[in-house]
Engineer: 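The structure follows.
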Amino acid sequence: MASPIPKNTRFRFLKLAPPQILVLGFAAVILTGTLLLMLPVSSASGHSLKFIDALFTATSATCVTGLVVVDTGTYFSTFGQVVILLLIQVGGLGFMTMATLFALVFKRKISLRDRLILQEAMNQGSMEGIVRLIRKVLIYSLVIEAAAAAVLAIRWAFDMPFGRALYFGIFHAVSMFNNAGFDIFGGYRSLTGYVSDPVVNIVVMFLIVSGGIGFIVMSDLMEYRRSRRLSLHSKVVLSMTAALIVLGTVVIFIFEFSNSRTLSPLSFGGKVLAAFFQSVTPRTAGANTLDIAGLRQASQFFIVILMFIGASPGSTGGGIKTTTFTLMVGAVISMLRGREDIVLFRYRLAQERVFKALTIAVLALLLVVSVSMVLSTTEERPFLMILFETTSAFATVGLSMGLTPELTPVGKILICLTMFAGRLGLLTLAYAIGPKKGKPLYRFPEGKMIIG
C-alpha cells in the first residue's frame, strides 16, 4: 500500500507567497491567451498565428501594454479580438479581482489567503477593507466603461453601421480605460483619424486618466461629497498627474508647433487638443492621434520621460508611478533646503517610503537601460527608437515609433519579458524570486562616506 503524502509536501503550491501567486497567475493567463490566439479561428485569414507572435500579443494584452507585432484590426477575426479584449480586462483589473468577482457572484467566502493576495495585487498597506475596495473597483470600472462605450458608439454611428459602432465603442472603452492602447481601426493608425474630433479625444482622455489615477483615488473622489476630504495619497496623485499633463501639453505644443508631420497642418484649437492628447497618453495608455514616428526627437525623448514616470499605484497603468516620482523630487528639494524630512501637504513621510521609491526607480532604470543595450545589438535601428520601445514596454504604454512589428525573435522575447516585469512590478517580481525576510535583530555601527 502506497505511503501517504507527507504533510510538509502536501499542497505545497498553496504555500506560495502572494507575489509568487500573482506571477504564476499572470503567466497562466498569458499562456491561455497565447493558445487561444494560435487557433485558426482567431485570425481573419483562418491561418494559425506563430507561437512567438501569439505569445507577444497575449503578453501585451494581459500586461495592458498595446505594443503589437500584427495589426489587431485587420489580422484578427472577431473571435480573436474578443480574446484580446478579455485578456485586457483581466490584465487591467487583475486576475485576482476577476476571481473575486466570481466569488462574490456565487457568494463564496473570501479567505484570508485571498485577501493577502488581493492586498499585494492592489498594492495596499493592509487588508482592511480590501474586499470593499474590490467591489468599488468592479462597479466603477464597469460603469465608466459602459458609459464611455455608449458615447463612443453614438459618435462612431455617424461613420459606420450602428452594430459595428457599438462593437468599436465597447472594444475601445475597455482598452482605453485599462490603459491598454489596442485599437481595431487597422493599419496601425490608432486614433490618428480623429486627431481634431473633440468627442473622441475627450472621452478617450477621460478613460485614460480615470484608469491611470488608481482605484483608491477614484474611490476617494466618489466619496468626496460625503467625506469632504481627500487622503494624502489622492492629493499627491491628482496634483502630480495634473502637473505632468499640463507640462507635457506645453512642451509638445512648443516642440511640434511648426512640425509639418504633426501639429503644423492643424488649426490652433486642433494643435492644443492634439498636444493635450499626446501628453495624456504617456500615462501608459498607448493610443495616439499624431504619428509618433513623425514627432521631433526632443518630443520623443520627452515622451520617454513621461512614460517612465507612468500612472499611479493601484491603477491599470505602469511605470515607476507618480507617487514614486513625487517622493524623489521631494527628497531632492528637502536635501537642497537642508531639511531631514520630506513634507507633502503638511505630512511627513517615513524614510522607508523614500528607500522604496529609490529602489523602484533604480531597478526600473537598470531594466530599461539593460534591455535597450541588448536590443541595440539585435535590432538595426536608431538608439532613440529602441529606448522609446523599451520604455513603452516597461511602462506598459504601447506607444511605438514603428519598431515592434519589425523585431527579431530575440527582440520579441525581450520585450515580452519587459512588459511582464512592468505590469507585475519589479518589487513584486523580486519578492516572488526571493520572498521578504524579517527585519534583522541587530544594526551595524554607523560609518561615514563622502557623497557628491
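From a predicted model like this one, the values you see are computed outputs, not experimental measurements.
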Engineer: Is it true that Phe253 and Phe268 have ring centroids separated by less than 6.0 Å?
Structural biologist: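 Yes, ring centres under 6.0 Å apart.
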
Engineer: For the backbone of Ala331 and the side chain of Ser334, can you confirm whether one donor and one acceptor N or O come within less than 3.5 Å of each other?
Structural biologist: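 The answer is no, because no donor-acceptor pair under 3.5 Å joins these two groups.
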
Engineer: Applying side-chain hydrogen bond (donor to acceptor under 3.5 Å, both in side chains), can you list everything that pairs with Thr391, at least two apart in sequence or on another chain?
Structural biologist: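 Thr391 satisfies side-chain hydrogen bond (donor to acceptor under 3.5 Å, both in side chains) with no residue once adjacent residues are dropped.
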
Engineer: For Glu145 and Ala173, which heavy atoms make the closest approach, and how far apart are they?
Structural biologist: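 What the structure gives for the nearest pair is O-CB, 3.5 Å.
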
Engineer: Tell me whether Met335 at atom CE has more than 12 heavy atoms from other residues, nucleotides or ligands lying less than 6.0 Å away.
Structural biologist: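 Atom CE in Met335 is not crowded, with 12 or fewer foreign heavy atoms closer than 6.0 Å.
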
Engineer: Considering residues at least two apart in sequence or located in another chain, which fulfil the salt bridge (charged side-chain N to carboxylate O under 4.0 Å, His left out) criterion with Arg155?
Structural biologist: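 Asp159, Asp197.
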
Engineer: Is there a donor-acceptor pair closer than 3.5 Å between any side-chain N or O of Ser190 and the backbone N or O of Thr192?
Structural biologist: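 The answer is no, because no donor-acceptor pair under 3.5 Å joins these two groups.
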
Engineer: Looking at Thr241 and Val237, would you say the former's side chain and the latter's main chain have a donor-acceptor pair under 3.5 Å?
Structural biologist: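 At least one qualifying donor-acceptor pair exists.
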
Engineer: Given Gln278, which partner from the list Asn288, Thr249, Thr289 fulfils the side chain to side chain donor-acceptor pair (under 3.5 Å) test?
Structural biologist: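 Of the listed residues Asn288, Thr249, Thr289, the side chain to side chain donor-acceptor pair (under 3.5 Å) partner of Gln278 is Thr289.
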
Engineer: For Leu166 and Ala153, which heavy atoms make the closest approach, and how far apart are they?
Structural biologist: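 Reported closest heavy-atom pair: CA-CB, 3.7 Å.
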
Engineer: Within this structure, what is the OH-OG1 distance for the pair Tyr188 and Thr404, rounded to the nearest 0.5 Å?
Structural biologist: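 OG1 of Thr404 is found 9.5 Å from OH of Tyr188.
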
Engineer: Could you pull out all residues at least two apart from Lys271 that satisfy salt bridge (charged side-chain N to carboxylate O under 4.0 Å, His left out)?
Structural biologist: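 Testing Lys271 for salt bridge (charged side-chain N to carboxylate O under 4.0 Å, His left out), a comparison that skips the adjacent residues, returns none.
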
Engineer: Can you sort out the partners of Thr418 under side-chain hydrogen bond (donor to acceptor under 3.5 Å, both in side chains), two or more places apart, ordered by chain and number?
Structural biologist: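 Checked Thr418 against side-chain hydrogen bond (donor to acceptor under 3.5 Å, both in side chains); zero matches.
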
Engineer: Out of curiosity, Lys321 NZ to Thr284 OG1, how far, rounded to the nearest 0.5 Å?
Structural biologist: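 Interatomic distance, Lys321 NZ to Thr284 OG1, rounded to 0.5 Å: 8.0 Å.
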
Engineer: Stepwise, does the side-chain contact (heavy atoms from CB on, under 4.5 Å) test hold for Thr62 with Arg423?
Structural biologist: CA-CA 9 Å; Thr62 306; Arg423 178 65 184 99; over 6 Å; no

Engineer: Please evaluate residues Leu424 and Val23 with respect to the criterion side-chain contact (heavy atoms from CB on, under 4.5 Å), reporting the C-alpha separation (whole Å), side-chain torsions for both, the decisive distance (0.1 Å), and the verdict.
Structural biologist: CA-CA 7 Å; Leu424 283 165; Val23 170; 3.8 Å; yes

Engineer: Where the side chain of Glu379 meets the backbone of Ile386, is there a donor-acceptor pair that is under 3.5 Å apart?
Structural biologist: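 Looks like no, no N/O pair under 3.5 Å.
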
Engineer: Can you classify the ring geometry of Trp156 versus His172 as parallel (below 30°), tilted (30 to 60°) or perpendicular (above 60°)?
Structural biologist: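 Trp156 vs His172 ring planes: perpendicular.
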
Engineer: If a pair satisfies salt bridge (charged side-chain N to carboxylate O under 4.0 Å, His left out) and one of its residues is in residues 300-315, list it, with sequence neighbours excluded.
Structural biologist: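 Those involving residues 300-315 do not exist here.
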
Engineer: Look up atom CE in Met205 and atom CE in Met176, then write down how far apart they are to the nearest 0.5 Å.
Structural biologist: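 Atom-to-atom, Met205:CE and Met176:CE are 12.5 Å apart.
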
Engineer: Give, for atom OG1 of Thr281 and atom CG of Leu290, the distance between the pair rounded to the nearest 0.5 Å.
Structural biologist: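 One gets 10.5 Å once the value is rounded to the nearest 0.5 Å.
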
Engineer: Report the residues that fulfil side-chain hydrogen bond (donor to acceptor under 3.5 Å, both in side chains) with Ser279, sequence neighbours left out, ordered by chain and then residue number.
Structural biologist: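 With neighbours one apart ignored, the set is empty.
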
Engineer: So Phe185 and Phe168, would you call those rings parallel, tilted or perpendicular, with 30° and 60° as cut-offs?
Structural biologist: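 Phe185 vs Phe168 ring planes: perpendicular.
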
Engineer: Quick one: does Ser60's side chain have a donor or acceptor within less than 3.5 Å of a partner on Leu67's backbone?
Structural biologist: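 Such a contact is found between Ser60 side chain and Leu67 backbone.
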
Engineer: Look at the side chain of Asn259 and the backbone N and O of Gly294, then say whether any donor-acceptor pair between them is shorter than 3.5 Å.
Structural biologist: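 The answer is yes, because a donor-acceptor pair under 3.5 Å joins these two groups.
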
